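For the single chain, residues carry numbers from 1 onward in sequence order. Just so you know, these numbers come straight off a predicted model, no measurement behind them.
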Amino acid sequence: MRVSLVTFFTLVITAAMPATARAAEYDVVVYGGTCAGVIAAVQAKKLGKSVIVVSPDKHLGGLSSGGLGFTDTGNKAVIGGLSRDFYHRIWKHYDEPAAWMWQKKEEYGNKGQGTPAIDGEQRTMWIFEPHAAEQVFEDYVKEFGVPVERDEWLDRAKGVKKVGARIVSIAMLSGKIYAGKMFIDATYEGDLMAAAGVEYHVGREANSEFGETANGVQVGVLHHRHHFGVLKEPVSPFVVPGDPKSGVLPRVSTEPPGEFGAADKRVQAYCFRMCLTDRPENRIPFPKPDGYDPKQYELLLRVFDAGWRETFEKFDPIPNHKTDTNNHGPFSTDNIGFNYDYPDAAYERRREIIREHETYQKGWLYFIANDPRVPKDVQEKMREWGLPKDEFADNAGWSRQLYIREARRMIGQFVMTENELLKKRPTPDSVGMGSYTIDSHNVQRYITPEGSVQNEGDVGVGTKGPYEIAYGALVPKRGQCDNLLVPVCVSATHIAFGSIRMEPVFMILGQSAATAAALAIDAQQPVQDVPYARLRERLLADGQVLEWRKEK
């Protein structure tokens with residue numbers, strides 16, 4: 001009897017384990033219960049492979065079910081396959097009268113990101129409540145019989161067992177072990193990738209490294225309206241305005257910002273995509289968080305004093321009198337500068353960072369709603385809003401998922417850069433498409449040479465239409481790991497990742513990664529050697545969109 005090399009190594013490892021620690025064996029082990037993880041598992045199952053989702057989170061869907069219901073789509077025509085099926089299932093949910101608990105369907109506006117939120121012609125819906133998305137993900141794993149292990153955390157220090165360049169099993173802190181022929185890292189952090197010894201990057205590359213223009217430090221670049229330049233007058237960062245000797249206000253860095261275009265290790269800001277409601281029967285007043293300190297928001301008062309009145313511009317409406325609320329303005333929900341060590345941090349340190357973000361953001365809401373110094377018109381309007389009783393019920397209406405806009409990024413077989421997104425260079429071996437604006441949130445808040453406060457790192461560059469994403473961006477360099485695919489922390493520069501990092505794209509890449517894993521299993525070959533022609537044929541057959549031509 002012939003035994004494949006993968007099976008042989010698995011048998012060797014499991015035979016050496018104590019009986020109580022024997023590994024559960026699958027064709028494909030997906031680590032991470034994000035949208036990409038669920039879609040990857042469904043695709044693997046559809047292709048006849050045994051698969052399991054091992055998730056640190058108790059709830060499926062990541063950010064898609066964690067508050068980001070006002071979907072960042074770009075050109076919806078290039079969202080295909082299971083990713084489009086997800087939005088079709090959302091449409092089916094809202095096609096039922098029972099889904100409209102707090103609002104009549106005909107009262108809901110039908111615009112989002114400049115295009116219809118509800119597309120009856122294509123039977124898709126792009127804007128939704130968190131619980132609706134989570135139910136779709138739960139339906140997926142139930143319908144396809146995908147086992148899910150929840151609240152299981154990878155032992156990042158010694159939990160990845162490799163034989164040569166292949167992972168044979170991964171162990172959790174609980175002691176559970178999962179063996180597989182192929183592994184997919186679907187986490188926002190890239191923990192499996194890193195623990196497997198795959199090369200990665202954190203922070204911004206210099207423009208010179210890949211011949212880019214929008215990477216690295218972006219001092220002087222003031223895109224969008226998330227900077228202090230939108231105000232009528234400069235704002236002082238000092239406790240006593242204009243007096244450096246009085247000290248610096250909280251949440252302003254005293255470090256120099258760096259030279260334009262230079263590399264740094266800073267990471268774009270995180271926040272919670274808040275689901276809020278103005279329906280009194282479903283509203284929880286904003287709570288005063290533990291550790292609340294009004295001094296943290298002194299800079300916000302100066303923003304108000306300078307005439308800022310756009311606090312509610314990104315209270316984007318989703319069904320049933322709720323919002324997907326995102327950062328907007330010079331001092332908003334983005335917690336600038338408090339996440340730099342998150343990507344590589346130990347679990348406990350990450351939990352501290354998440355708690356700090358929650359305290360900051362809940363405090364921001366409480367401050368605006370309650371501090372007597374806040375302009376009355378802003379305060380009265382904020383008091384109309386609150387947390388929804390019927391979302392995140394096990395977390396008092398607060399999202400369970402911090403928006404990890406960027407963490408580790410693999411340095412794989414192919415690195416996506418702004419040059420591919422802007423079509424200055426061709427992209428080989430497309431496995432999906434993106435189209436959203438190249439978008440980085442602010443990275444730091446610093447003091448200018450003139451003595452005023454300014455934000456840096458917020459960049460928005462149009463892509464001039466959809467772009468292709470290379471298969472090589474999903475796989476490690478040859479020899480680093482032969483049976484791992486990475487559809488979330490893909491191989492891309494900071495600024496290219498700023499567009500790729502959208503939830504519909506993660507689902508697209510999750511499906512493509514699982515397809516490649518299945519083909520690699522069938523051929524008993526490394527993921528780097530999967531023939532693109534075969535992969536492309538399968539992806540197209542399953543509805544993926546791999547190229548786009550503008551209609552004349």
Side-chain angles (χ1 to χ4, degrees), residues 66-70 100-104 107-109 112 127 129-131 225-226 230-231 235 249-251 271-336 355-400 402-403:
L68 203 166
F70 198 78
W100 299 91
M101 178 75 175
W102 303 107
Q103 183 177 30
K104 292 182 179 180
E107 292 176 356
Y108 177 68
I127 295 177
E129 298 160 278
H131 77 268
R225 293 181 63 76
H226 311 318
V230 301
L231 303 177
V235 171
L249 289 176
R251 316 199 97 76
C271 72
F272 288 90
R273 291 288 285 251
M274 298 180 297
C275 184
L276 307 180
T277 183
D278 61 354
R279 186 80 177 195
E281 311 96 297
N282 194 34
R283 185 178 65 203
I284 304 169
F286 295 124
K288 182 179 180 179
D290 293 339
Y292 172 71
D293 177 8
K295 293 179 182 178
Q296 298 297 312
Y297 310 99
E298 290 291 328
L299 195 56
L300 178 58
L301 289 177
R302 295 186 185 182
V303 172
F304 286 140
D305 288 345
W308 178 260
R309 290 298 183 272
E310 298 180 27
T311 300
F312 306 97
E313 287 292 311
K314 286 300 291 178
F315 279 47
D316 292 318
I318 62 175
N320 286 309
H321 282 281
K322 297 174 187 174
T323 72
D324 167 358
T325 298
N326 197 10
N327 177 81
H328 181 73
F331 193 102
S332 185
T333 58
D334 275 1
N335 194 4
I336 301 171
R355 286 193 295 268
E356 200 281 334
H357 278 68
E358 184 173 342
T359 298
Y360 164 74
Q361 201 161 330
K362 284 183 174 178
W364 182 86
L365 292 166
Y366 184 83
F367 180 86
I368 296 174
N370 293 281
D371 196 287
R373 297 170 293 172
V374 171
K376 187 176 181 180
D377 59 325
V378 178
Q379 188 159 87
E380 288 180 350
K381 187 170 182 179
M382 184 62 85
R383 287 177 176 177
E384 296 175 2
W385 294 95
L387 303 178
K389 296 177 183 178
D390 61 349
E391 300 288 352
F392 315 118
D394 61 349
N395 202 38
W398 190 258
S399 173
R400 298 170 290 259
L402 182 63
Y403 193 172

State which residue, out of T277, D390, D316, D278, fulfils the side-chain hydrogen bond (donor to acceptor under 3.5 Å, both in side chains) condition with K322.
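So, applying the side-chain hydrogen bond (donor to acceptor under 3.5 Å, both in side chains) to K322 and each of T277, D390, D316, D278, only D390 qualifies.
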
side-chain contact (heavy atoms from CB on, under 4.5 Å) against D290, all qualifying residues, sequence neighbours excluded:
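Applying side-chain contact (heavy atoms from CB on, under 4.5 Å) to D290 gives none.
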
What distance separates [X] [atom1] from [Y] [atom2], expressed to the nearest 0.5 Å?
| X | Y | atom1 | atom2 | answer |
| --- | --- | --- | --- | --- |
| F392 | H131 | CZ | NE2 | 10.5 Å |
| I318 | E391 | CD1 | CD | 6.5 Å |
| F272 | L402 | CZ | CG | 4.5 Å |

Could you go through the side-chain contact (heavy atoms from CB on, under 4.5 Å) check for W364 and T311 one step at a time?
CA-CA 11 Å; W364 182 86; T311 300; 4.1 Å; yes

Taking the side chain from [X] and the backbone from [Y], do they hold a donor-acceptor pair closer than 3.5 Å?
| X | Y | answer |
| --- | --- | --- |
| D324 | G69 | yes |
| Y108 | P317 | yes |
| D293 | K295 | yes |

Sequence neighbours excluded, every pair satisfying side chain to side chain donor-acceptor pair (under 3.5 Å) that has a member inside residues 297-308
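Applying side chain to side chain donor-acceptor pair (under 3.5 Å) to every pair that reaches into residues 297-308, excluding sequence neighbours, yields E298-R373.
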
Quick check: do [X] and [Y] have side-chain heavy atoms less than 4.5 Å from each other?
| X | Y | value |
| --- | --- | --- |
| C271 | Q361 | yes |
| K389 | R283 | no |
| P330 | L299 | no |
| E281 | W102 | yes |
| H357 | Y360 | no |
| L276 | F286 | yes |

Which pairs of donor and acceptor atoms, one on a side chain in residues 381-388, lie under 3.5 Å apart (sequence neighbours left out)?
| residue | atom | partner | partner atom | Å |
| --- | --- | --- | --- | --- |
| R383 | NE | A369 | O | 2.6 |
| R383 | NH2 | A369 | O | 3.2 |
| R383 | NH2 | Q379 | OE1 | 3.4 |

Does a salt bridge link E356 with R251, judged by any charged N lying under 4.0 Å from a carboxylate O?
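A salt bridge links E356 with R251.
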
